[in-house]
Number of protein chains: 2
Amino acid sequence: MKHYSKQKRMLVAVDSIIFGFDGHELKLLLIQRGFEPEKGKWSLMGGFVGPEEDFEQAGARILKQLTGLKNVYIEQLYAFGEPTRDPEDRTVSIAYFALIDIGKYEKQISDDFHAEWFSLNKIPKLIFDHSRMVKMAKEKLRYKAAFHPILFELMPEKFTLPQLYNLYTGVYDTVLDKRNFTRKILSTKLLVKQKEKEKEGSKKGAFYYKLDKRRYDSQFHSFLNFIPNPDNLK
Amino acid sequence: MKHYSKQKRMLVAVDSIIFGFDGHELKLLLIQRGFEPEKGKWSLMGGFVGPEEDFEQAGARILKQLTGLKNVYIEQLYAFGEPTRDPEDRTVSIAYFALIDIGKYEKQISDDFHAEWFSLNKIPKLIFDHSRMVKMAKEKLRYKAAFHPILFELMPEKFTLPQLYNLYTGVYDTVLDKRNFTRKILSTKLLVKQKEKEKEGSKKGAFYYKLDKRRYDSQFHSFLNFIPNPDNLK
DNA sequence: GCAAAAGTGTTTTTGTTACACCCATGA
DNA sequence: TCATGGGTGTAACAAAAACACTTTTGC
């Protein structure tokens, strides 16, 4: 304490942009705050970083609290620190984005907040700078998913190629050539075809695939070029 | 204050990883601290975020203080927050990396620190988690420079293709095919050939080039694919 | 005249894109 | 039997990679 005593201290929070995919479109998990300030307004899930915690621990704790999930994909997005971003008090926010298997999500009982999934094009007004955080998270997800197989984190254990196709076209808000898409995905050797078919979505049914976990882990950082002309992603 | 009063407050600092290029190799600017704690040890340049400042302002202020430069390329790298990363007190560090034209750098007179440029493979032991920050900055620079023309930020107004070649091979610690490299660089149309030659580096002399600032700004986010097989960049 | 670094084209290989029809099934 | 969505191959084109010799000039 002796050397830094003149410096201003700040609150430090972690806010999580939580993405899920329901087989048709990408969704975002938001909470309606049950506490002041901004009680009743829509918000990202967040919380203050505890005295003995690092950011990852705080992020994991918050995610667990809201979704019941642990060991999910979570990655630091950006640190936000405008002096007045939280009008109540100087608060720095370390934003993380998480990708979860929406099927594993279970609504938590809590008085503090009530959570809901939103389609990405129907996001309500959010408190503070949370809309900016969401925008940035979408950009980063697009950027990263163009090269790395990160979107598989959103899929259930067994999934079909049409589902995956829906996810990619949704994330990039574009149509992709179905044959080229299939070829590219399968050429990564990341997927293992199952014998069963998914029969809900269509009459013919679509084959299930599973991730080859070994290959996935080892190729995660490789450049797989999922998206044609990834220009202008930012 | 009324709602957050129970939360722990922390110090928030900005640390800058400052890269420069002398025409031959990539360098890092470090300071030897003239103040406690860790007086005399090598460190990144940093400082606390002031009560009315955001991170970018703090980063710019710190960079100006050490290098005399303003309006240089600076980008947020990562937020570090392990509870004991600074043994003195709980301090969160928002790390930024900066790319400067080493020729414009002018040593600042200050009692507080004495600065020196280091080759990237001769970095001394650094305080706290600064070595980890440097490592991460190198990785991010490699990643980003593989797709975006960011390394031009390190060059002086006029530079030669051999200098640029040295920079790229240095950053990726690899040899590149000279003809393919030249073709790729020139095919971006980002460079304008000058009439004069640089005569210091060789007998024959190498033509100077300048950045086409307009094109550079508009293509900055495009994917230019500078590096063959960018796999395993992380 | 020779050492040292700059500059320059072509061929091969690889990857990307464009494109359209048949299949399986439940209603 | 037909409507719906699933599944599949090929040819043209574009981009990347491999490869070596000539030029200039200061010493």
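Throughout, protein chains are lettered first and strands after them, A, B, ... in sequence-line order, and every chain is numbered starting at 1.
- To the nearest angstrom, P of D:dT24 lies 19 Å from CD of B:E196.
- The distance from atom NZ of A:K199 to atom P of C:dA27 is 10 Å, rounded to the nearest whole Å.
- For A:N180, taking side-chain heavy atoms from C-beta onward, the closest of the listed nucleotides D:dT8, D:dG26, C:dC19 is C:dC19.
- Salt bridge absent: A:K189 and A:D212 never bring a charged side-chain N and a carboxylate O closer than 4.0 Å.
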For nucleotides 12-15 of chain C, tabulate all protein N/O to nucleotide N/O atom pairs closer than 3.5 Å, reporting atom names and distance.
none

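- Within a 6.0 Å radius of CG in B:N121, other residues, nucleotides and ligands contribute more than 12 heavy atoms.
- Taking atom CZ of residue B:R179 and atom P of nucleotide C:dA5, one finds them 18 Å apart after rounding to whole Å.
- Between A:F80 and A:Y78, the ring center distance clears the sub-6.0 Å criterion.
- Here D:dG9 presents its P atom at 12 Å from CG of A:L186, a figure rounded to the nearest Å.
- With sequence neighbours excluded, no residue satisfies side-chain hydrogen bond (donor to acceptor under 3.5 Å, both in side chains) with A:Q163.
- In this structure, B:L161 places its CG atom 6 Å from P of C:dG7, rounding to the nearest Å.
- Taking atom NZ on B:K197 and atom P on C:dG7, their separation rounds to 6 Å, with Å as the unit.
- For residues 200-209 of chain B, proximity to DNA chain D is found at B:K203, B:K204, defined as any non-hydrogen atom under 4.0 angstrom from a strand atom.
- Salt bridge status for A:E82 with A:R132: present, with a side-chain N to carboxylate O gap under 4.0 Å.
- A residue-by-residue look at B:Q163 and B:D177 shows that B:Q163 has its nearest nucleotide of DNA chain C further toward the 5' end.
- For the atom pair A:R215 CZ and A:L191 CG, the distance stands at 11.0 Å (nearest 0.5 Å).
- Residues that satisfy the ring pair (Phe, Tyr, Trp, His ring centres under 6.0 Å) test with A:F181, not counting sequence neighbours, are A:Y165, A:Y168.
- Judged by atom type and distance alone, A:R183 reaches the base of D:dT10 through a side-chain donor-acceptor pair under 3.5 Å.
- Between A:K178 atom NZ and C:dA20 atom C1' the separation is 11 Å, expressed in whole Å.
- The side-chain hydrogen bond (donor to acceptor under 3.5 Å, both in side chains) check on A:K158 picks up A:E196, with sequence neighbours excluded.
- Taking the side-chain contact (heavy atoms from CB on, under 4.5 Å) definition, one finds that A:N180 meets it with A:D177, A:R183, sequence neighbours left out.
- Rounded to a whole Å, the OH atom of B:Y165 is 13 Å from the C1' atom of C:dG7.
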